[in-house]
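A quick write-up on the structure given underneath.
Quick note: numbers below take in every heavy atom, side chains included, and nothing from hydrogens, waters or symmetry partners. Start at 1 with the first residue, then count along the sequence.
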Amino acid sequence: MVRTAGFSETVCTVIVLALLCTFSMAAHSSDKNTSARPASTLTNDLYRPFLINNVFNYYGNNGSGSFTPFGKGVGAGEGFELPKGSRSFMVFQDGIVWGGRHKGRTVAKVGGSQYTVTLQAGPLLTNGTAGTDPVPANAADPKHRLYRVRSDVRPDVPFAAVEAMLNAEEMPLIGRYESVSAELLYDGYITDWNEWPAAAGAPFKDVNGNGAYDPTVDVPGQPDADQTLWFVANDMNDSLTQSFAGCPPIGIEMQRTIWGYRCGGVLGNTIFISTVLINKSGAPVDSMYITQWSDPDLGNAGDDHVGCDTTLDIGYAYNGRALDATYGVNVPAAGFAFIQGPMVPGAPTDTALFRSSRRPGFRNLRMSSFVAFVDGFHQFTDPARGREQDLSGID
């Protein structure tokens with residue numbers, strides 16, 4: 001968790017090493033199976049997979065991560081599968097959560113993604129003012145979908161050249177949950193390549209250096225990554241924020257980039273995530289807190305422990321016993337690390353990283369707290385949702 005004094009725009013980059021700030025060790029099965037909204041056939045609540053390396057994981061354009069909105073019953077929804085194809089899962093769900101005072105309220109406005117989400121697809125089209133709210137885009141517009149590209153499936157590569165690869169690598173995984181074919185997967189990749197929303201903030205490799213995205217020359221996605229997912233969302237849906245924390249929206253736009261590399265070793269078990277939060281409400285958010293929330297379930301969820309390393313800005317989960325009912329004796333650990341925290345004013349000698357650029361006179365915040373709770377096993381339980389939280393006693 002990190003805290004900012006006043007918030008206008010910030011970037012949090014998270015590396016998923018195999019997790020960071022607030023951990024829920026195990027949720028009630030009723031929460032896990034019913035609280036998250038199902039995937040929609042429209043653009044909103046659209047989930048698409050990352051699978052370029054040793055991980056198979058789903059992300060939604062509502063901010064939800066490591067969650068699969070397919071299937072029913074206990075255990076349905078487990079998202080972070082490692083190794084891919086094993087049906088062994090490490091994380092049930094994760095997301096970014098934020099909160100702070102806004103427009104004179106002493107009671108916090110809280111939003112983001114946990115078991116329930118406050119985000120809807122699309123950007124904020126106009127900024128708010130002190131007396132008006134920002135205007136969101138139509139969440140059902142197909143151009144606000146979650147985009148997915150990989151560098152080896154491109155318009156100049158015919159389907160016949162990648163058909164066998166898609167059948168071998170993607171169909172066995174995605175086919176568990178969705179009705180797809182290799183040709184449909186190929187068509188989706190090509191469409192997202194050609195329609196890549198660079199003008200909305202999605203990153204790309206500018207091969208010809210002209211500053212504009214050209215699908216016939218440039219490469220969409222995080223430069224030099226093997227697979228990239230990208231979406232933009234906003235919190236201007238009052239019914240969602242009310243059900244999440246009993247408060248109105250702030251007026252935040254989220255742009256999220258998810259990428260990875262096709263390789264072995266540590267990077268083969270890693271997902272990188274850059275989360276850009278832009279305050280378009282027309283007013284600052286005071287005493288803002290931003291946290292990476294997650295519910296890690298390392299195979300059997302009932303024997304997991306958590307901890308943090310303040311020198312590495314990382315929170316992690318590990319198995320509490322030598323033997324796990326799912327993984328056996330070779331139980332992996334999971335970790336979220338901040339590799340670039342929010343940028344705030346600093347000393348003249350400080351330098352911060354912001355959107356891949358160095359900013360003198362600023363600094364990046366580090367992890368400032370780590371909170372763990374165990375739901376359903378001991379005296380701790382989930383914090384109540386759908387209620388306002390009074391921050392009047394917090395400095």
Side-chain angles (χ1 to χ4, degrees), residues 32-89 91-93 113 117 119-122 138-155 157-197 220-221 226-231 233 256 258 260 262 271:
K32 289 190 173 183
N33 293 325
T34 63
S35 61
R37 291 176 294 167
S40 171
T41 56
L42 299 176
T43 300
N44 208 35
D45 301 316
L46 175 65
Y47 287 76
R48 303 184 76 178
F50 172 95
L51 44 62
I52 201 66
N53 54 25
N54 203 29
V55 182
F56 178 41
N57 199 16
Y58 271 85
Y59 292 91
N61 64 349
N62 53 22
S64 180
S66 302
F67 179 78
T68 306
F70 309 101
K72 298 178 180 180
V74 176
E78 295 280 2
F80 195 107
E81 181 178 330
L82 180 80
K84 67 182 180 184
S86 67
R87 298 182 184 266
S88 298
F89 301 91
V91 182
F92 175 80
Q93 197 166 4
S113 300
V117 298
L119 299 175
Q120 60 185 1
N138 179 4
D141 190 325
K143 70 181 180 182
H144 304 316
R145 64 186 181 272
L146 192 155
Y147 290 77
R148 191 172 78 114
V149 292
R150 52 185 293 172
S151 58
D152 56 351
V153 182
R154 46 197 300 152
V157 176
F159 171 63
V162 295
E163 180 180 9
M165 179 271 292
L166 292 173
N167 273 317
E169 292 186 5
E170 299 209 2
M171 283 294 296
L173 299 170
I174 302 174
R176 294 186 208 161
Y177 306 118
E178 305 176 67
S179 178
V180 294
S181 66
E183 188 169 10
L184 285 174
L185 292 173
Y186 175 82
D187 290 344
Y189 275 124
I190 301 307
T191 298
D192 285 354
W193 185 294
N194 288 328
E195 298 178 5
W196 189 251
D226 292 309
Q227 185 169 54
T228 302
L229 282 63
W230 188 89
F231 69 89
R256 203 164 208 209
I258 301 146
R262 187 188 184 95
I271 298 176

Between [X] and [Y], which heavy-atom pair has the shortest distance, and what is it?
{"X": "Ala121", "Y": "Asn44", "answer": "N-OD1, 2.7 Å"}
{"X": "Ala139", "Y": "Gln120", "answer": "CB-CB, 4.2 Å"}
{"X": "Gln227", "Y": "Leu51", "answer": "OE1-N, 2.9 Å"}

May I ask you to decide if [Y]'s main-chain N or O and [X]'s side chain share a donor-acceptor pair within less than 3.5 Å?
{"X": "Asn62", "Y": "Asp45", "result": "no"}
{"X": "Ser86", "Y": "Pro83", "result": "yes"}
{"X": "Arg256", "Y": "Phe231", "result": "no"}
{"X": "Lys84", "Y": "Leu173", "result": "no"}

(message) Just to verify, which of Ser66, Ser64, Ser113 counts as forming a side chain to side chain donor-acceptor pair (under 3.5 Å) with Gln93?
(response) Ser64
(message) Less than 4.0 angstrom from a charged side-chain N to a carboxylate O is my criterion; do Arg48 and Glu178 meet it?
(response) no
(request) Identify, with sequence neighbours excluded, every residue that meets side chain to side chain donor-acceptor pair (under 3.5 Å) alongside Asp226. (result) none
(request) Could you check whether the rings of Tyr147 and Trp196 sit parallel, tilted or perpendicular, using 30° and 60° as the cut-offs? (result) perpendicular
(request) Would you please name every residue forming a ring pair (Phe, Tyr, Trp, His ring centres under 6.0 Å) with Phe56, sequence neighbours left out? (result)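 Ring pair (Phe, Tyr, Trp, His ring centres under 6.0 Å) check on Phe56 returns Tyr58.
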